[in-house]
Structures are given as C-alpha cells and as structure tokens.
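Data block below; observations after.
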Amino acid sequence: FFLTEYTGPLLIYLLFYIRLPTIYDQVESMKNFRHPVVHLACFCHCSHYIRCLLETLFVHKFSGGHTPLKNMIKGCAFYWGFTSWIAYYINHPQYTPPSFGHRQVSFAALAFLICEAGNHFINVALAHQTHSGLKACFPTPTYNPFTWLFLLVSCPNYTYEVGSWISFTVMTQTLPAGIFAFLIIIQMSLWAQKKHKLYLKRFYPEVRRKAAMIPIIF
C-alpha cells in the first residue's frame, strides 16, 4: 500500500519536470528559462518520497493486517492527484518565481530539509522504542537535537511532516502546494489527536503535559 502510494508521486513529478511535449507546449518549454527554484523543488519533492519509500522498506514496522482496497485507491488518488496539480504549476514554462526571490527560497528550502531530517530521526526513534518487561515505554529525547521535540509533543513526526509541506509551499509560492499543505495539516492533526489519546491511556505519566502535534496551541 505505502510503496504504491509513494512511488506514484515520485514518478509523476519527474514526468512534469522533464516537460513532456504532451503536457506543455514544446516550443515554449525550450524558449523559457527555468528559475533555480524549479530544480530545487524537484529535488525536495523527490527526496521527500524517496525518504518515505526507504523508511517503508527499512524503518517502519507493520502489523499483519491488511489495508482495504478502497483505502488504497483513496490514498493514491489524493497523493497522485495533488502531485500532478503541484508539478504542473511549478514546472510550467510560465511559472512565476517567489516574490522575495532568493532569500525566500533559501530559508524555505533550509526549513524543508530540517523538517525532513527531523521526520526521519523521529521515525527511527519510534521504530526502536524501548521496552521495560512487557510494557513499552514512550520514546524519550536523545542527544540528537531532532528528537528533542518529544519534550513538547507526542507526535513530532506529524509536526515535522506539516513543517515540510508548509516550507515547500513558501519555497515555491504556488496555490496547489498551499491547498495540499492545508489538507495535510487537517489530516495530520486528526491522526495526532487520535494517537495522543492512545498515548494517554498507555503512557499517561510521560505524555500528560504534552500537546498532540503543535506545542501550546494544539
């Protein structure tokens, strides 16, 4: 399920990036100069899904259950559809770069990479939760500063995921990316609340003072 869901956006974005003649006007594509943010956006978008694929194969632990086919269809339709919309705008020959130029792109790209790194290290920490007897223990921060977010929220992986897409939106300054980020915030917040309630039942002393996804606010 996850391999299918994540491979689609990776390949779809690259099809738009190379500007297939069936998607864009070939003459206009050859004539227009590509702003550096177009290449950076491709790198960031692809690196995000490559990370997801590698973590699916080597980091995450899955139960023996099965995912309903309708869930797989909905998930693929969401990610594949939004990837097509986002990629079409960013790689369009008439794409307009961000308003504040290089400074906006640089800061947003740096924030994106930090969030991606944080997401990875949190997922690794969750995959290696310690156990005391028969009882699992809630992950605790380590010397790795990316894990210190565990001190404030119970679902820091969702915090970093939201941060990645907000940064990507600021970096590219496109409406489709903004709508996608907004929907991701809603979905992640719902998952975070649900998981936070489960954590309260299992690890009450450790998580009772934490927020679900966003410190203080949420």
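Index from 1, following the sequence. Computed from a predicted structure; not experimentally measured.
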Report task. Please report the closest heavy-atom contact between Val59 and Ala127, naming both atoms and the distance. Result -> O-CB, 3.4 Å
Query raised in the report: Hey, any chance Phe100 and Val37 share a hydrophobic cluster, counting ILVMFWY side chains that come within less than 4.5 Å of each other, even indirectly?
Result: no
Query raised in the report: Ile185, Leu183: one ILVMFWY side-chain cluster at the under-4.5 Å cut-off?
Result: yes
Query raised in the report: If you take all heavy atoms of Met213 and Ala192, which pair is closest and at what distance?
Result: CB-CB, 3.7 Å
**Report entry** is_close_aromatic(Phe180, Phe78), centroid dist under 6.0 Å
**Finding:** yes
Query - Identified side chain to side chain contact (heavy atoms under 4.5 Å, CB included) counterpart of His48 within the set Tyr6, Phe112, Phe168 - result: Phe112
Query raised in the report: What about Leu190 and Leu198, same hydrophobic cluster or not, with Ile/Leu/Val/Met/Phe/Trp/Tyr joined at side-chain heavy-atom distances under 4.5 Å?
Result: no
Requested in this report: Take Ser99 and Gln173, measure what side chain to side chain donor-acceptor pair (under 3.5 Å) needs, and give me the verdict at the end.
Outcome: CA-CA 8 Å; Ser99 302; Gln173 197 173 301; 2.8 Å; yes
Query raised in the report: Below 4.5 Å, heavy atoms only, C-beta onward: do Val170 and Phe107 meet side chain to side chain?
Result: no
**Report entry** Closest heavy-atom pair and its distance - Cys44, Met171
**Finding:** SG-CE, 3.9 Å
**Report entry** Distance in Å, Leu126 CG paired with Phe121 CZ, rounded so as to fall on 0.5 Å steps
**Finding:** 13.5 Å
Requested in this report: Locate the shortest heavy-atom distance separating Ile86 from Ala177; write the atom from each residue and the value.
Outcome: CG1-N, 3.8 Å
Query raised in the report: Run the ring-ring contact (aromatic ring centres under 6.0 Å, His included) check on Phe62 and Phe2 step by step: do they pass?
Result: CA-CA 11 Å; Phe62 300 98; Phe2 288 110; 5.6 Å; yes
Query raised in the report: So which heavy atom on Thr142 is nearest to which on Thr147, and how close?
Result: N-OG1, 3.0 Å
Query - CZ on Phe150 to CG on Asn144, rounded to 0.5 Å - result: 10.5 Å
**Report entry** Nearest atoms (heavy-atom pairs only) where Trp148 meets Pro141
**Finding:** CD1-CB, 3.8 Å
Query raised in the report: Should Val124 and Phe58 be regarded as members of a common hydrophobic cluster, given that ILVMFWY residues are connected when their side-chain heavy atoms come within less than 4.5 Å of each other, either directly or indirectly?
Result: no
Query raised in the report: Would Ser47 and Glu116 count as having a side-chain donor-acceptor pair, cut-off 3.5 Å?
Result: no
Query raised in the report: Got a sec: does the NE2 of His39 have more than 12 other heavy atoms crowding it under 6.0 Å?
Result: yes
Query raised in the report: To the nearest 0.5 Å, what is the distance between OG1 (Thr4) and CE (Met72)?
Result: 3.5 Å
Query raised in the report: Among the clusters formed by ILVMFWY side chains lying less than 4.5 Å apart, do Leu14 and Tyr95 turn up in the same one?
Result: no
Query raised in the report: Under the 6.0 Å and 45° cation-pi test, does Arg34 pair with Tyr17?
Result: yes
Report task. Assess whether side-chain contact (heavy atoms from CB on, under 4.5 Å) is satisfied between Leu53 and Leu3, documenting all intermediate values. Result -> CA-CA 6 Å; Leu53 287 169; Leu3 291 176; 3.8 Å; yes
Query raised in the report: When you check the side-chain N and O atoms of Thr56 and His60, is any donor under 3.5 Å from an acceptor?
Result: no
Requested in this report: If a pair satisfies side chain to side chain donor-acceptor pair (under 3.5 Å) and one of its residues is in residues 150-160, list it, with sequence neighbours excluded.
Outcome: Ser154-His196, Tyr158-Lys195
Requested in this report: Measure the spacing between CD1 of Ile122 and CG of Leu149 and express it to the nearest 0.5 Å.
Outcome: 6.0 Å
**Report entry** salt bridge (Lys or Arg N to Asp or Glu O under 4.0 Å) between Glu161 and Arg51, worked out
**Finding:** CA-CA 12 Å; Glu161 182 78 10; Arg51 176 184 64 78; 3.7 Å; yes
Report summary line: Contacts satisfying side chain to side chain donor-acceptor pair (under 3.5 Å) that involve residues 78-94 (not counting sequence neighbours) are Glu28-Gln94
Report summary line: Output for pair (Leu15 CG, Leu11 CG), nearest 0.5 Å, gives 7.0 Å
**Report entry** Straight-line distance of Asn123 CG to Leu54 CG, nearest 0.5 Å
**Finding:** 12.0 Å
